[in-house]
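Naming convention: chains lettered A, B, ... in sequence-line order (proteins, then strands); numbering from 1 in each chain.
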Amino acid sequence: MVRVEFLGPIQKEPLELDITNLSQLADVLQQDETMTEWLQNSAVAINDTLTSSLNVELKDGDKVSLLPPVCGG
Amino acid sequence: MVRVEFLGPIQKEPLELDITNLSQLADVLQQDETMTEWLQNSAVAINDTLTSSLNVELKDGDKVSLLPPVCGG
Amino acid sequence: MLYLYDGGLKVADILKEWYEQELENNYGAYIPFVGTVRSEDGIDGLSFDIYEPILESWFDSWQEKAKAKGAILKMAHARGDVMLHESSYVSAVFSPKRRVALEFIDEFVEAFKASAPIWKYDLKDGKRIYAKDRSTAIEGSGILGEKR
Amino acid sequence: MLYLYDGGLKVADILKEWYEQELENNYGAYIPFVGTVRSEDGIDGLSFDIYEPILESWFDSWQEKAKAKGAILKMAHARGDVMLHESSYVSAVFSPKRRVALEFIDEFVEAFKASAPIWKYDLKDGKRIYAKDRSTAIEGSGILGEKR
């Protein structure tokens with residue numbers, strides 16, 4: 001299972017999904033209309049490292065995080 | 001009389017001169033060979049206001065200051 | 001040298017502590033940046049969420065950039081609520097030379113605003129409202145939303 | 001808001017005092033610059049002469065430039081001897097917005113180095129040696145040396 005976490009202002013509980021890559025995650029999340037805008041403006045991290053490509057394999061125990069637009073300071 | 005002061009590292013006592021403009025001051029100071037380099041790299045203030053022109057009249061009681069290269073901080 | 005605190009920062013203590021930490025280390029220039037909550041749009045304060053694992057690796061990567069220039073960075077940020085006229089953010093660069101320090105504090109503060117994993121909310125009328133309009137999408141965002 | 005002190009500056013106290021002076025005045029950004037005496041070329045310290053009447057009018061003119069941008073400046077400098085790892089100079093800008101503050105502290109510090117009427121000396125082997133090679137002629141210098 002892969003754990004998916006939604007950070008900051010995204011009001012969504014974590015998911016535990018049986019997926020093997022980020023494209024599958026995109027398929028799942030695009031079903032959820034409340035996520036449409038967040039999917040377009042959020043960055044993605046796998047095990048706390050940012051990725052800019054969907055062509056990444058996921059393995060059991062991996063953690064995926066969605067990071068919406070930031071504003072520190 | 002016009003008082004002429006030499007600031008910072010210029011090792012020269014103040015002068016009291018009977019002059020009416022900065023050109024006369026240049027004539028006087030250019031006689032002093034120890035001043036050659038300072039005259040070329042110093043700024044000039046009259047009554048604590050910097051001037052960039054020799055065409056300035058001086059009157060009795062005025063103060064002229066020579067400011068050599070600076071380095072604060 | 002990344003410090004996170006609950007609530008508003010004790011700025012004077014932080015600036016003093018950092019100054020004293022580096023006093024003997026022969027840095028000619030110390031430039032802190034202090035961010036303080038301003039009264040605007042009727043807010044009572046701001047509130048912050050921080051995702052610490054990525055903030056730490058983000059900060060480490062900037063510390064490496066500083067080191068390559070002979071400089072070092074320090075940073076403190078508030079978690080949770082920070083009320084009006086309290087400070088939420090302090091960062092600082094120490095460098096042997098002033099030009100490096102003046103350029104690096106600017107570069108670092110701007111990168112911080114654009115990419116550090118921190119989310120800001122306005123506190124207003126008892127609500128905590130995401131500061132969406134002032135937020136910036138992290139570089140590389142949007143891959144999960146691409147049409148398929 | 002120009003402060004001159006004999007000998008090395010009490011930096012932590014100065015940074016704290018300035019922070020507290022402006023805390024309620026709705027400035028979002030506070031950026032101090034602190035200059036500290038570095039060990040190099042075998043010096044024991046630095047020493048400074050200041051011509052105060054012109055420093056004051058020079059500072060006032062920069063305060064006006066800050067004001068035109070909605071910002072304010074503060075500055076402290078040491079007179080006389082400042083030993084290794086002591087600080088001789090602190091300046092700071094307060095501004096509602098960070099871009100103004102980041103740009104103005106850079107502009108001000110560089111202008112300060114190039115034109116404030118302060119002279120620096122190395123303290124070395126018991127002597128006080130004018131730091132000629134690091135000094136900058138004020139703009140408009142040389143009129144008395146022109147060939148006639």
Identify which of B/Ser53, B/Gly8, B/Ser52 forms the greatest number of heavy-atom pairs closer than 4.5 Å to chain D.
B/Gly8

Option from D/Lys127, D/Arg128, D/Arg134 for which salt bridge (Lys or Arg N to Asp or Glu O under 4.0 Å) with D/Asp122 holds
D/Arg134

ring-ring contact (aromatic ring centres under 6.0 Å, His included) between D/His77 and D/Phe112: does it pass, once the steps are laid out?
CA-CA 11 Å; D/His77 204 286; D/Phe112 168 80; 5.7 Å; yes

Heavy-atom proximity to chain D below 4.5 Å, by part of B/Gln11:
neither

Pairs of heavy atoms under 4.5 Å with chain D: top-ranked of B/Thr49, B/Leu39, B/Thr36
B/Leu39

Kindly state whether the ring of D/Tyr130 and the ring of D/Trp119 have centres lying under 6.0 angstrom apart.
no

B/Ser65 versus chain D, heavy atoms under 4.5 Å apart: side chain, backbone, both or neither?
side chain

Per-residue contact mode, D/Tyr121 against chain B (heavy atom under 4.5 angstrom):
side chain

Below 4.5 Å from any heavy atom of chain B, which atoms of D/Ser88 appear? Answer side chain, backbone, both or neither.
side chain

Is there a side-chain contact between D/Lys10 and D/Tyr5 in this structure, where contact means two heavy atoms from C-beta onward sitting under 4.5 Å apart?
no

SB check B/Lys59 B/Asp62 (cutoff 4.0 Å)
yes

So do B/Val2 and B/Lys63 actually touch side chain to side chain, heavy atoms under 4.5 Å?
no

Quick one: do D/Glu22 and D/Lys74 make a salt bridge, cutoff under 4.0 Å?
yes

Okay, D/Ala114 and chain B: the region with an atom under 4.5 Å from a heavy atom over there is backbone

Give, as side chain, backbone, both or neither, the part of D/Ser115 having an atom under 4.5 angstrom from any heavy atom of chain B.
backbone

Interface check, chain D: of B/Ala45, B/Gly73, B/Ala43, most non-hydrogen pairs under 4.5 Å belong to B/Gly73

Matching residue for B/Val64 among B/Ile19, B/Leu17, B/Leu15, B/Leu22 - test: side-chain contact (heavy atoms from CB on, under 4.5 Å)
B/Leu22

One option among D/Ile138, D/Ile54, D/Thr136, D/Leu55 has the most heavy-atom pairs under 4.5 Å with chain B, and it is D/Thr136

Under 4.5 Å from a heavy atom of chain D, the part of B/Leu67 involved
both

